[in-house]
Amino acid sequence: QQKLFVAELIASQQIQSTQRRINVAERTTLLGELAELLHAGVPLMRSLDLLQAQLQGSELQRSELQAIVTTIRQRVAEGESLANALRDAS
């Protein structure tokens, strides 16, 4: 039997305000486009750069996607795995 204790309490409003929300269709499209680029042999960082460029200047509703791609790119550039960066960003 494990003993657990609370290390930190965060108000639910604070959690919601820091998490980026994108819908399933946007997430599917983003990951599909990334998969296509990688399958075509485009290097990972170049693929993320292309996705960033594609999202720049697009509609306001896609600004969250742009922020997510930027975060993923930064984390991968810092040496984090793509899997971890994707997991934490969504």
Side-chain angles (χ1 to χ4, degrees):
Q1 194 174 26
Q2 272 186 321
K3 293 183 179 182
L4 303 175
F5 61 94
V6 176
E8 182 178 4
L9 290 175
I10 300 173
S12 63
Q13 290 174 339
Q14 185 179 356
I15 292 171
Q16 290 174 353
S17 68
T18 60
Q19 291 179 340
R20 297 183 180 108
R21 296 280 183 212
I22 60 172
N23 65 40
V24 175
E26 289 174 322
R27 186 176 315 183
T28 302
T29 300
L30 176 67
L31 293 176
E33 290 174 1
L34 179 59
E36 285 182 32
L37 288 166
L38 294 173
H39 184 70
V42 179
L44 176 57
M45 294 305 291
R46 179 69 180 137
S47 295
L48 293 170
D49 288 340
L50 291 169
L51 289 175
Q52 265 186 316
Q54 177 185 344
L55 292 169
Q56 285 178 347
S58 45
E59 306 128 31
L60 181 60
Q61 66 187 25
R62 297 186 58 110
S63 65
E64 290 298 325
L65 278 175
Q66 186 175 357
I68 288 171
V69 171
T70 299
T71 299
I72 291 169
R73 191 201 177 287
Q74 287 172 344
R75 293 179 75 172
V76 169
E78 293 169 356
E80 190 164 340
S81 72
L82 176 61
N84 285 344
L86 287 170
R87 182 196 65 223
D88 295 343
S90 55

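Quick note: residue numbers are just sequence positions, from 1.
Looking at every heavy atom in both residues, Val69 comes nearest to Leu48 through CG1-O, 3.8 Å.
Note that the CG atom of Asp49 and the CG atom of Leu44 stand 9.5 Å from one another [nearest 0.5 Å]. With rounding to the nearest 0.5 angstrom, the OG1 atom of Thr29 is 12.5 Å from the CG atom of Leu34. Atom CG of residue Leu31 and atom CD of residue Glu33 lie 9.5 Å apart, to the nearest 0.5 angstrom. Separation of atoms CG (Leu50) and CD (Glu36) is listed at 12.5 Å; rounding is to 0.5 Å.
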Checklist entry - For Leu37 and Leu51, what are the C-alpha separation, side-chain angles and deciding distance, and is it a side chain to side chain contact (heavy atoms under 4.5 Å, CB included)? => result CA-CA 9 Å; Leu37 288 166; Leu51 289 175; 4.2 Å; yes
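Residues meeting the side chain to side chain contact (heavy atoms under 4.5 Å, CB included) test with Thr70, sequence neighbours left out: Gln52, Gln66, Gln74. In terms of the side chain to side chain contact (heavy atoms under 4.5 Å, CB included) criterion, Ala35 has no residue partners (sequence neighbours excluded). With sequence neighbours excluded, the residues forming a side-chain hydrogen bond (donor to acceptor under 3.5 Å, both in side chains) with Asn84 are Ser81, Arg87, listed by chain and number. The salt bridge (Lys or Arg N to Asp or Glu O under 4.0 Å) search around Arg75 returns Glu80, Asp88, not counting sequence neighbours.
Legend: side chain to side chain donor-acceptor pair (under 3.5 Å) pairs involving residues 39-48, not counting sequence neighbours: none detected.
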